[in-house]
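Residue numbers begin at 1 in each chain, while the letters A, B, ... track the order of the sequences.
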Amino acid sequence: MSGATILHADLDAFYASVEQLLDPRLSGRPVAVGGSPHGGVVLAASYEAKAYGVAGGIPGWRAARLCPSLRFVPGRFREYQPLADRVMDVLGDVTPVVERISIDEAFLDVSGSTHLFGPPARIAALLRRRVRDEVGLPISVGVARTKHLAKIASQVAKPDGLVVVEPERERDFLDPLPVGLMWGVGPVARARLAERGITTIGELARTPSSAVEQVLGHAVGARMSALAHNEDPRRVAGAGRARSVGAQSALGRQVATRELVREVLGQLADRVAGRLRAKDRAGRTVTVRVRFAGMRSVTRSLTLPGPVATTLTLTEVAEQLVWQAIDDQPGPRPEVTLLAVSVSGLVHQSSLQLELPVQGDDPRRPGSAPGAARWAVDRSVDAVRARFGAGAVGYLPTAMPRVRTVPDEFRELAEHDL
DNA sequence: TCTGGGGTCCTAGGACCC
DNA sequence: TCTGGGGTCCTAGGACCC
């Protein structure tokens, strides 16, 4: 019961490893998925590339400078989801208690599986071998008494390793590790702690919780303090439902015109509303984000009287909010580099409960009057797309400015279940 | 040469209510 | 007369995660 029975299994450099699997000429070589020496951003880097300092998120031209022999591949995004699902199936063979937290990693509780498969360390080794033999991908596994410890252990195990933290050695394991390995400590928190001379988890554990809270804020400070003291009560369980749904598009640098904004928001709203309708959900709060040249971004949100899930209503509300955000900026009209739309305050909404007009409401107000008609139109569009494909029908002229957009397959990889 | 896309949670101020 | 105390919702911003 109190033994080390939690596993954290994490595929190594997942996207890059898939590319190496699909094209053996890439194996053992530095590979970047996405980006190019001339632009774009690297989405994932193989371990050989990481050795040069190449990492996900950095601009392609910088990656090329760091590693001249780097091979850029566009990414065969369609292949990723099925391969990751096969890995999860392997994990599910040893226990039903699997909590998938992203496309490529999961927690397992194997406390009920040891009578069948042996001790947890053995189970972890078995899983690693099976994933390698049956799917062809390297996976690292951490084994410990808690999720936090197991997660840290798998990070320490990478690449392609296994680390078991026995309960009596937890303190020895944690104390010398950098605070940045803790789940929830990012660059900002790490820098703030470093200013106080706190760089290891052991040092954090020896700092009074009240002091940590002063540095990191009440909630984060208390949580990090507890984790440093190795208190982690979280159980392995299925992930909860999503609390928001969104979509975004980077635009390069463009002057915002009515046409551009409407085109982009129409596409984003179509994705978001379509996902909501597919799961019979809707939400009351619409939030947009506008990022300007220089990476500064602002958000505007509006909570409607009732939930929305129609493409046109969402587009209209988002449009109002985006112009509000842009018009609030002082000086000449700024260049826009990204638009995002998201819907939160989600509720279940059966197909029969439409966006009904609020009595006495202005019929032109978003989310009210034409709701029923719009819902019906969207349902028809959804049905046509289900039969004939996503490109079969849509609302908006797509002849407008060229917006560089990523493939839908890539977007879908990051979607959470609704 | 100039930064992808989808999410979660927390903070803080103001409006509003009892 | 110069202002209690607590709670909820909304909005904007930010850190963090994969």
Side-chain angles (χ1 to χ4, degrees), chain A residues 8 10-11 13-15 32-44 55-66 74-75 77 80 84 100-106 151 155 180-192 213 216-224 239-253 268 271-272 275 284-305 321 324-325 328 335 337-346 403-418:
Chain A
H8 181 256
D10 197 348
L11 288 157
F14 175 53
Y15 294 0
V33 180
S36 82
H38 314 291
V41 55
V42 173
L43 301 173
I58 72 171
W61 62 267
R62 241 180 72 202
R65 265 207 326 223
L66 288 167
F77 302 122
Y80 297 174
R100 187 174 189 172
I101 58 176
S102 72
I103 188 172
D104 58 359
E105 65 182 297
K151 169 104 180 162
Q155 305 311 302
L181 279 182
M182 295 175 60
W183 206 92
V185 175
V188 175
R190 196 174 47 214
R192 283 187 195 157
E213 287 176 48
L216 300 182
H218 174 64
V220 174
R223 200 163 54 232
M224 292 312 126
R241 312 285 273 190
R243 306 173 70 86
S244 68
V245 192
Q248 65 183 52
S249 262
L251 307 176
R253 280 175 83 141
L268 295 175
R271 283 192 62 79
V272 172
R275 287 182 63 199
R284 278 183 64 210
T285 301
V286 178
T287 303
V288 302
R289 188 161 69 96
V290 181
R291 195 182 69 195
F292 301 103
M295 292 302 277
R296 196 178 72 89
S297 68
V298 299
T299 62
R300 290 293 179 274
S301 69
L302 179 65
T303 301
L304 301 164
L321 290 170
Q324 197 179 306
D328 281 349
E335 286 178 312
T337 63
L338 176 140
L339 292 178
V341 177
S342 94
V343 175
S344 56
L346 302 185
V403 174
R404 104 180 112 164
T405 182
V406 300
D408 282 355
E409 291 80 23
F410 175 72
R411 294 175 179 270
E412 285 161 13
L413 293 173
E415 288 179 358
H416 294 201
D417 281 340
L418 266 182

Send over the distance from A/Ile101 CD1 to C/dC17 C1', rounded to a whole Å.
9 Å
What contact category does A/Ala293 fall into here, base, sugar-phosphate, or nothing, at under 4.0 angstrom with non-hydrogen atoms?
nothing
Among the nucleotides C/dC18, B/dT8, C/dC16, whichever has the atom closest to the side chain of A/Ala189 is C/dC16
If I take atom CZ in residue A/Arg223 and atom P in nucleotide C/dA15, what distance separates them, rounded to the nearest angstrom?
15 Å
Ignoring backbone atoms, test whether A/Arg271 places a side-chain nitrogen or oxygen under 4.0 Å from the OP1 or OP2 oxygen of B/dG5.
no
Strand partner of B/dC18, provided both Watson-Crick or wobble distances fall under 3.5 Å:
C/dG5
Could you give the CG-to-C1' distance, from A/Leu43 to B/dG4, as a whole number of Å?
6 Å
A/Arg291 vs B/dG5: side-chain N/O to OP1/OP2 distance below 4.0 Å
no
Closer than 4.0 Å, any side-chain N/O of A/Ser244 to the OP1 or OP2 of B/dT8?
yes
Determine, for nucleotides 9-14 of chain C in 5'-to-3' order, which nucleotides have protein heavy atoms under 4.0 Å from the base (write B), from only the sugar-phosphate (write S), or from neither (write -).
-SSSS-
So, is A/Arg411 near the phosphate of B/dG6, with a side-chain N or O under 4.0 Å from OP1 or OP2?
yes
Need to verify one output field. Residue with the more 5' nearest nucleotide on DNA chain B, A/Ala219 or A/Trp61?
A/Trp61
When the ring planes of A/Phe77 and A/Phe410 are compared, do they come out parallel, tilted or perpendicular, using 30° and 60° as the limits?
tilted
